[in-house]
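Structure first, then comments.
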2 protein chains.
Amino acid sequence: MAALPTDRLGFLLSFRGELTSARIRSALGVAGLHPRNAMTLMRLAPAPMSQRELAAAMEVDPSQLVAILNELEDAGLAERRRDPADRRRHIVEITEAGAAVLDRVDQAVGEAERELFADLTEAEQTLLRGLLDRVVVDPAAHECGE
Amino acid sequence: MAALPTDRLGFLLSFRGELTSARIRSALGVAGLHPRNAMTLMRLAPAPMSQRELAAAMEVDPSQLVAILNELEDAGLAERRRDPADRRRHIVEITEAGAAVLDRVDQAVGEAERELFADLTEAEQTLLRGLLDRVVVDPAAHECGE
DNA sequence: TATTGTTATACTCTATAACTATA
DNA sequence: TATAGTTATAGAGTATAACAATA
């Protein structure tokens, strides 16, 4: 007899992940930004990089970045400038306004997390983090005895 | 300064949930079924029900069920029949062939879970389940002191 | 010839509203 | 008139391939 979806740990993790993702997307959009644009600002905050590097970091196709960066640039939150060393490249950089918006986004995400994990103590949150870190990301590594 | 996505428990849960979801979807498709069709068979296995009940249980719009059930019926895995008591209603039922396919799907999902949680002991998996169960699903309930 | 960014296209998913047949 | 199921349509999201500029 087949187990019900809710009985399985895999489904539970999948559903709670989807719930969490929805709440965080909602928080990311707090400044009127599309969630993926906010994610892009987050990736961009530590250091400028080329579009290809950014696309690789975000695990999306470079062509998808074009529309995102157009919107961020139109809103004055990020800037593209040619790399003088290789004029094919665009160096993408977050602006001051972008950093300011990102601060607000970050606070909203923190607030969403406080709500989501309100019933867990700090120790339990640390425990949850540790367990999630040990979910197997790459099954191939296991088969090879890694 | 904004925290990196990977530093936040919310993002970690969201990303591991997405990973888990992708693995499970892949397992659900093992019998050549579309993952959402396999999910429908799962919901249908315990007892027959009307399309509206099924849609409510799966949290999708009733109109989305139509194509799913058409495919399941064409494949001989589920059947619609009119409710004699209310001829507007369709009672949806899993067939013997559907139950057989579901058994294979269920094994594949179990296998995917064993891979995903290979690094966790049984006790740790129970712990993870308990923690995930306490992630706050309904923020409104908290604000009202529930 | 290969690489960076861009554009164009098509395909899937989802959400919505209109339609039918029954009640 | 309200409800169950169906159909049609449009929108967002995503994946792919072709393209222009530069190396």
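Within every chain, numbering begins at 1; the chains are lettered A, B, ... in the order of the sequence lines, protein sequences first and strands thereafter.
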*Polar side-chain contact A:Ser63-D:dT16 base: donor and acceptor under 3.5 Å*: yes
*Just how far, in rounded Å, is P of C:dT3 from CZ of A:Arg89?*
11 Å
*So what does B:Asp61 touch, heavy atoms closer than 4.0 Å: a base, only the sugar-phosphate, or nothing?*
base
*asked:* Expressed as a whole number of angstroms, how long is the span from B:Gln51:CD to D:dT6:C1'?
replied: 9 Å
*Does B:Glu124 pair with A:Arg134 as a salt bridge, N-O distance under 4.0 Å?*
yes
*Do B:Arg25 and B:Glu18 meet the salt-bridge criterion of a basic N to acidic O distance under 4.0 Å?*
yes
*Shortest side-chain distance from B:Arg88, nucleotide among C:dT7, C:dA21, D:dT22*: C:dA21
*Please report, rounded to the nearest Å, how far the P atom of C:dT6 is from the CG atom of A:Asn70.*
7 Å
*Report the distance from atom NE2 of A:His90 to atom P of D:dA20, rounded to the nearest whole Å.*
17 Å
*To the nearest 0.5 Å, what is the distance between CG (A:Leu132) and CG (B:Leu19)?*
11.0 Å
*Whole angstrom is fine here: how far is it from CG in B:Leu69 over to P in D:dT7?*
12 Å
*What's the CE-C1' distance between B:Met58 and C:dT14, to the nearest Å?*
14 Å
*Hey, does the side-chain of B:Arg87 have a donor or acceptor N/O within less than 3.5 Å of a partner on the base of C:dT22?*
no
*D:dT6 phosphate, OP1 or OP2, under 4.0 Å from B:Arg80 side-chain N/O*: yes
_What is the separation between atom NE2 on B:His34 and atom P on C:dC11, rounded to the nearest whole Å?_
15 Å
*Distance-only, no hydrogens or angles: does the B:Glu79 side chain make a donor-acceptor pair with backbone N or O of B:Glu93 under 3.5 Å?*
no
*Remember a base hit wins even if backbone is also touched, and classify A:Arg82 as base, sugar-phosphate or nothing at under 4.0 Å, heavy atoms.*
nothing
*Charged N to carboxylate O below 4.0 Å: is that the case for B:Asp7 and A:Arg129?*
no
*Give the rounded distance in Å between these two atoms: CZ of A:Arg52 and C1' of D:dA21.*
14 Å
